Amino acid sequence: MAALSKSIPHSCYEIGHTWSPSCTLSSLQVTAGALEVSFKIYAPLYLIAAILRRRKKDYYLKRLLPEILQSTSFLTANGGLYIAFFCILRRGLLTIYMANLATETIFRMGVTRGVINPIRHGEVLLFCMTASLYMFFFRCKDGLQGFAFSALKFIVGKEEIPTHSFLAEHVYPRGPERGAVEPEPPRVGPSSGRTSIAALTRRLLESVCRHGPRHRCCKHYEDNCISYCVKGFIRMFSVGYLIQCCLKIPSAFRHLFTKPSRLLSLLYNKENFQLGAFLGSFVSIYKGTSCILRWLRNLDDELHALIAGFLAGLSMFFYKSTTISMYLASKLVETMYFKGIEAGRFPYISQADTIIYAVSTAICFQAAVMEVQNLRPSYWKFLLRLTKGRFAVMNRKALDAFGTNASRDFHGFIPKLDPRYTVVQPDLVVHLG
């Protein structure tokens, strides 16, 4: 703890914007870089969203550009204002350092310091508990609304739309007997052989799907329970595979002429199959468990979703992601908090989202300066992209005095400073660490 009471004699030029001694010019350079990157991120994002939502012509003419500029300016301010206030506050590094005790980064810091013992497969366990509650709220009446409800409806299918707990005999009429004779389809003449083969194939698939075990509580009337689960796996596996392929298309096309073989890796990439297996197994496990519970209890109950959702969460073993687990868990907490407000059990805090965002940004930026090794790697790459690599040329060797190993991942990098603008002579910087 003695390291926390230390101070450093360096100026903001010697620590932060080492590429230029001018505070104003440095802030403008970072802002310009952030503006360019932000626009490249949000312009295609909003355009694709508008196309998928089938926006009308009036939206493209009046609302599209203002929404892009609003989000662009928001992200640009994150990068530009940080370096500006870095210069304005200068000696506020210790205060920002103490603020990192409140977020996800604290967990990584605690693990690094040996204060916290991480749980093996903790991200999977967190996802299991989150999925359990999400699916329970999905099955409950008015449990989920808006995008969360629509997303789960797309993932698990309309057959799992919320219902109440009822015995099978009281609400589900008996279906047709298995031995009932169905009318024969019209015979197809020999002149239409291709049509006949297609029709026979279709009939065969329909027969396999419809003839088999299906409980009367199950709402997947066109399929038996087995084919219902298999179809769910194939559908969401395909969605996950295509999503991962689309994410890799921009980087693959950069090497279209230099390395054409990279295009093949786009289709046979390991991550494509991992995401597909994750989504496909989540749906098939959830549906399969729900069907089993309906058979065992002769009842369709929203409480089944707690068990089915938890077991479905084990699918994250195929695609482990702390980011996904943490994001969904935080959204679940938000959902439960707003439900508490509606029930009058929690107070409504005005501008709470702004306060939380500001604190979270401060903590992440603090970690990016003082201990990059404890920052999420993807976020660090994003900060480098946002600032055109300038975040990496800060003088972290001088910050080692605080005991956070700030320069650990920078291989002893020391920026070349102009002695005319330094408080401490450049040759003494190494010894201060």
Side-chain angles (χ1 to χ4, degrees), residues 1-23 25-27 29-30 33-34 37 78-79 82-87 89-101 103-116 118 361-433:
M1 295 299 291
L4 298 179
S5 62
K6 293 183 179 180
S7 62
I8 49 178
H10 304 75
S11 66
C12 57
Y13 164 55
E14 295 169 81
I15 298 295
H17 49 89
T18 59
W19 61 91
S20 172
S22 172
C23 297
L25 180 60
S26 300
S27 298
Q29 288 174 336
V30 173
V37 173
N78 277 255
Y82 179 78
I83 196 65
F85 279 98
F86 186 92
C87 298
L89 297 175
R90 297 195 182 189
R91 297 301 181 243
L93 292 175
L94 185 56
T95 303
I96 300 175
Y97 177 78
M98 295 302 295
N100 63 13
L101 299 174
T103 72
E104 172 193 349
T105 311
I106 257 301
F107 178 80
R108 296 172 181 265
M109 295 175 179
V111 173
T112 300
R113 291 160 175 79
V115 178
I116 300 175
T361 303
I363 295 169
C364 290
F365 275 50
Q366 161 69 16
V369 174
M370 299 297 295
E371 41 193 310
V372 176
Q373 65 272 16
N374 289 324
L375 191 65
R376 187 178 299 163
S378 60
Y379 189 72
W380 170 241
K381 292 179 181 179
F382 171 73
L383 289 180
L384 290 179
R385 181 184 174 191
L386 190 66
T387 59
K388 297 289 186 178
R390 293 187 175 94
F391 232 137
V393 298
M394 299 181 75
N395 191 1
R396 290 177 172 82
K397 194 68 178 178
L399 297 176
D400 284 340
F402 290 107
T404 61
N405 296 320
S407 65
R408 191 190 78 175
D409 294 341
F410 294 88
H411 310 291
F413 169 77
I414 300 176
K416 295 181 180 180
L417 303 172
D418 190 337
R420 296 175 298 173
Y421 302 98
T422 60
V423 176
V424 178
Q425 293 301 314
D427 58 345
L428 298 178
V429 173
V430 179
H431 302 290
L432 289 173

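Remember, it's a predicted structure, so these values are computed and weren't measured experimentally.
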**Message:** Using every non-hydrogen atom in the two residues, find where Ala406 and Val369 come nearest and quote the distance to one decimal.
**Reply:** CB-O, 4.0 Å
**Asked** Rounded to the nearest 0.5 Å, how far does CG of Asp400 lie from CD of Glu371?
**Response** 11.5 Å
**Asked** Who passes side-chain contact (heavy atoms from CB on, under 4.5 Å) against Phe413, sequence neighbours left out?
**Response** Val393, Phe410, Pro415
**Message:** Closer than 3.5 angstrom, by distance alone: can the side chain of Asn374 be matched with the main-chain N or O of Ala367 as a donor-acceptor pair?
**Reply:** no
**Message:** So, taking the atom named CZ in Phe382 and the one named CZ in Phe391, what distance separates them when rounded to the nearest 0.5 Å?
**Reply:** 11.5 Å
**Item:** Set of residues satisfying side-chain contact (heavy atoms from CB on, under 4.5 Å) with respect to Ser20, sequence neighbours excluded
**Value:** Ser22, Leu25, Ser26, Gln29
**Item:** Set of residues satisfying side-chain contact (heavy atoms from CB on, under 4.5 Å) with respect to Asp409, sequence neighbours excluded
**Value:** Gln373
**Fill in**
For Thr387, the side-chain hydrogen bond (donor to acceptor under 3.5 Å, both in side chains) test, sequence neighbours excluded, returns none
**Prompt:** Can you tell me how far the NZ atom of Lys381 sits from the CG atom of Leu386, to the nearest 0.5 Å?
**Reply:** 16.0 Å
**Item:** Residue pair Met394, Leu399: steps toward the side-chain contact (heavy atoms from CB on, under 4.5 Å) verdict
**Value:** CA-CA 10 Å; Met394 299 181 75; Leu399 297 176; 5.7 Å; no
